[in-house]
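Report on the structure given below.
So that the names make sense, note that chain A is the first sequence line, chain B the second, and so on, each numbered from 1.
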Protein chains: 2
Amino acid sequence: MADTELDERKVKILNAIIKNYLETGEPVGSRTISKYTDLNLSSATIRNEMSDLEDLGYIVQPHTSAGRIPSDKGYRFYVNNLIASKDKEVSDMKEWMIEREEKMENLLKNVAKVLASNTQYATLVSAPSVVSNKLKFIQLSAVDENQLLSVVVMDGNIVKNKIIHIEKPLDNETLLKLNMLLNTNLNGLSVDQINLALISRLKDQAGIHDEIISQVLDTVADTITEDEDLQVYTSGATNIFKYPELSDSKKASELLDTFEEKQSLIELLTDKNTDEETGIQVYIGDESPISSMKDCSIVTATYELGEGVKGTIGIVGPKRMDYENVVDNIKSLKGQLDKLLRNENKNDS
Amino acid sequence: MADTELDERKVKILNAIIKNYLETGEPVGSRTISKYTDLNLSSATIRNEMSDLEDLGYIVQPHTSAGRIPSDKGYRFYVNNLIASKDKEVSDMKEWMIEREEKMENLLKNVAKVLASNTQYATLVSAPSVVSNKLKFIQLSAVDENQLLSVVVMDGNIVKNKIIHIEKPLDNETLLKLNMLLNTNLNGLSVDQINLALISRLKDQAGIHDEIISQVLDTVADTITEDEDLQVYTSGATNIFKYPELSDSKKASELLDTFEEKQSLIELLTDKNTDEETGIQVYIGDESPISSMKDCSIVTATYELGEGVKGTIGIVGPKRMDYENVVDNIKSLKGQLDKLLRNENKNDS
DNA sequence: GTTAGCACTCATTTAATTAGAGTGCTAATC
DNA sequence: GATTAGCACTCTAATTAAATGAGTGCTAAC
C-alpha cells in the first residue's frame, strides 16, 4: 500500500532525506536535498513535496522552521526497501575473525565483541537455547562418601554438573546400576520427552535410590531453565555515548541498566515474528519490545545450530543507525556462525 | 606525622569541612563551618585556619573565591581516622539477606546486587581464587566413540569439564586404568604441586595414551586460569550517574567500559597491600591501580573461604562517598560471607 | 589570638541581542 | 498545471552583557 501512496519522486526525496539524516544527524532542509539529489528541482519544489511527505507521516519537523527528520514510519519505509533490495543482490560476505573456541561461551562473547567494535553499536548474543536438545550422556560418580557428582551432556556438548548430597555411601555396584539405568532410559531423548510416566518408571526401578534420580533430573531441568533464561552476552554497551540523542544521563542509564540486567534482554530474543526468509528482524523505536529502547533501533538475526536449536545475535543503536551496514554485518555474521556451529556439531557427533 | 602537623582545632575544622562536603557535594565556605561546628569561632578565624589547611595540602579551592573541597590527602586523613576509630567500637553488623544459593556464581552475583542497591555505588565481587586449591576427584568417561569427557572436581566443589577428542575409541578397561592412574596420583594434590616430574611420570605410565593425560591436565590448568582471570561479578555500574562529578559522558563511558571488561578489574583484587587487621583497603583517587578510576574512591575487602582461598568484594564510587557507611557495609558483608562460605565448605567435605 | 568590615574575584544566572537556517506562501514563469 | 523566485516570518542557537552572590584575603580594631 505504501507503494501507491508515494510516487517515484517522493520516494527519491524521502530516501535522500533519510540517507542524509543518517549521515549528519541533523534535520535536513529543502535546499540540501535540492542539491544532494540528481532531480534538478528547486528548493521550493522540494519544500512542497516535503510538506506532502510530512502530511503522510514519513517525516517530522522537530520544531517550526527546522529541517525534517524521518519519523518511525519513514525509517520503516526505508528499512523495508533496504532489506527487499538486499535480498536480490548477493551481498558480499565480510570475512570475520571468528575462530573456533574451546568453549561456546568464549566464542559467543567474542562474537559480541567483534560485532560491537565493527559497528560501534551495542551488541548482544544469546547462547543457543537447548529446549529441544537431546540428552547424550549421563554420568554419576562418587566424589566422596557423602557426595555424588552428576554430569549431564546434551547434544551440542553442553555439559552440566551438579553435586548431590547423599546420606549413606553408595557401593560401586549400585552406582554402576544407576548409571546404566539412566543412560539406557534417557540417552537420545529430548528434554520434553521426559514426562512423568517415564520419571516414575525410573524411580520405581531405582528403588530406594529414587531420590538420586530426582536430583539427576533436576540437573537436566537446570540445563533448560538456566540456559534459556540467562545466557546472554553483551558488548560495547558504552558505544551509546557516541550518539548524543541517547547519551543524556537518564536515557543512557536506563539503557545500560537493561544491558547489565541481561535477563530483560530475553524479550528481544524470544519474539518470534522474525522475517522467515532472511531471519532478520528490525525494530524501530516504539516497535521495540523493551521500553528502555524506545529511542533506539534494534536489528536481530537468528542463527541455527540445527534441529531447531536457535540463538540470536542483535545490535542496539540509535534510530539513525547505519542500517545498511548493520544488516550486512549481521547477515554475514549469522552465516558464519551457522556454518561454524554446524560443523562443530558435526565433528562432535 | 600527620598528628604533629595538625592541632586539634585544625583537625576539627578539617573533619567538619569533609563531612559537610560529603553531604552536599558543594565546596564549603568559612561561614558554613563557623555555624556548623561547636567551636564558636567567627568565619574570619575559620578562614585563617582554612588558609593554613590549604597550605598543608588537605583542602583545595576549585577556583579563587569558592569554598574549599578536600584534596586526596584530606580524604586520606579522614579515612585513616575513620578506620582507626571504627576498629575500637564493635560496629553492629547489619543483617544481610544472603541466602545460600545452589551455585556460588548466583550467590556472588546476588551479593554484588545487594551491596549495590544498599550503597548506591558500583560494586564488584570476585569469586574465590583457587590457586592453592586441591584436586578432589577426576573422572574420565566415554561420551561416544570419538569423545571423552573429563571432569575435574576441586576442593570447594568447583567442577570443570572438558571434552577431549580422540582418534580411536578406548575400551572400558583402558578407561578404568586411566581413571585409576589419575586419581591415585593426583587426588589431594594442590595445583602447584603438579610439577613436570609428576607429569612425565604420569605420561610414562599412560603409555600411548599420554595425550589424554595432557588434556586432562589442561582442564586442571583451566580451572586456575579461568577462575583467576575472569570470575568477577559486577552490579550497579550505572549508579555512577547519580554523581555528577562522574557522569560526564567521557568519564562515565571509560568507567563503564572498565566494568564491562571485567578482566581489568582484576587489578583491584590482586593488589595485596590490604590492611592486615581489618582486611579492608581504601583507594582514594590517584591511589587507584586502575586509571579510569582516578576520580573515584574504591573500598575493597577480602573474604576467605579458608586454606588461603580468597575472594574480594569492592565498591567503586565518587571520592566524596559515604566512607563510613561503605566501610561498615562492606565489613559486615565480608563477615557474613566468611561465615557462610566456611559453613558451606564444611558441610561439603 | 580573634573578629568585624570591606574590597575584590570569579562562577552562575538571567536577559537581551543577533545570526542563521528553513519554512510557507504568493505571484510570476515555463 | 507544475515549477520556481522571492520574501516575510518563525524559531533555535550562539553571543554578549549585566546582575547576582557566595566566598575569599586583608587590614585594622578589639
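- One N or O donor and one acceptor, one from the side chain of S65(B) and one from the base of dT9(C), sit under 3.5 Å apart.
- The separation between I46(B) atom CD1 and dG1(C) atom P is 16 Å, rounded to whole Å.
- A perpendicular orientation is assigned to the rings of F77(B) and Y58(B), their planes being inclined by more than 60° (bins at 30° and 60°).
- The separation between E49(A) atom CD and dT4(D) atom P is 11 Å, rounded to whole Å.
- Side-chain proximity of N48(A) to the nucleotides dG5(C), dT4(D), dA21(C) is greatest for dT4(D).
- Checked by atom type, the side-chain pair S43(B)/R31(B) shows no donor-acceptor distance below 3.5 Å.
- With Y121(B) as the partner, the ring pair (Phe, Tyr, Trp, His ring centres under 6.0 Å) test is satisfied by one option alone out of Y323(B), F241(B), Y243(B): Y243(B).
- Using a 4.0 Å cut-off, no side-chain N or O of T64(A) falls inside it from OP1 or OP2 of dT23(C).
- Between I13(A) atom CD1 and dT3(D) atom C1' there is a gap of 12 Å when expressed in whole angstrom units.
- Taking atom CG of residue D55(B) and atom P of nucleotide dG25(D), one finds them 9 Å apart after rounding to whole Å.
- Minimum atom distance to the side chain of M50(A) is reached by dT23(C), of the listed dT23(C), dT2(C), dT3(D).
- Atom CG of N40(A) and atom P of dC30(C) are 17 Å apart (whole Å).
- Taking atom CZ of residue R31(A) and atom P of nucleotide dT4(D), one finds them 14 Å apart after rounding to whole Å.
- Neither side chain, N48(B) nor D52(B), offers a donor N or O lying under 3.5 Å from an acceptor on the other.
- Between dT23(C), dA11(C), dA22(D), one nucleotide has an atom nearer to the side chain of H63(B) than all others, and that is dA11(C).
- Residue A44(A) has its side chain nearest to dT4(D) when only dT24(D), dT4(D), dA21(C) are considered.
- Note on T45(A): a base of the nucleic acid sits closer than 4.0 angstrom, heavy atoms only.
- Side-chain atoms of S42(B) lie closest to dA4(C) of the nucleotides dA4(C), dT23(C), dT24(D).
- Within the structure, a side-chain polar atom (N or O) of R68(A) is placed less than 4.0 Å from OP1 or OP2 of dG24(C).
- An OP1 or OP2 oxygen of dG6(D) is reached within less than 4.0 angstrom by no side-chain nitrogen or oxygen of R47(A).
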>> Please determine whether salt bridge (charged side-chain N to carboxylate O under 4.0 Å, His left out) holds for the pair E254(A) and K294(A), giving the CA-CA distance in whole Å, both sets of side-chain angles, and the decisive distance to 0.1 Å.
In response: CA-CA 11 Å; E254(A) 270 180 46; K294(A) 288 279 179 252; over 6 Å; no
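- Within 4.0 Å of S30(A), counting heavy atoms only, lie sugar-phosphate atoms of the nucleic acid but no base atom.
- Look at CD1 on I33(B): it is 16 Å from P on dA22(D), rounded to the nearest Å.
- Between the CD atom of Q61(B) and the P atom of dG23(D) there is a distance of 11 Å, given to the nearest Å.
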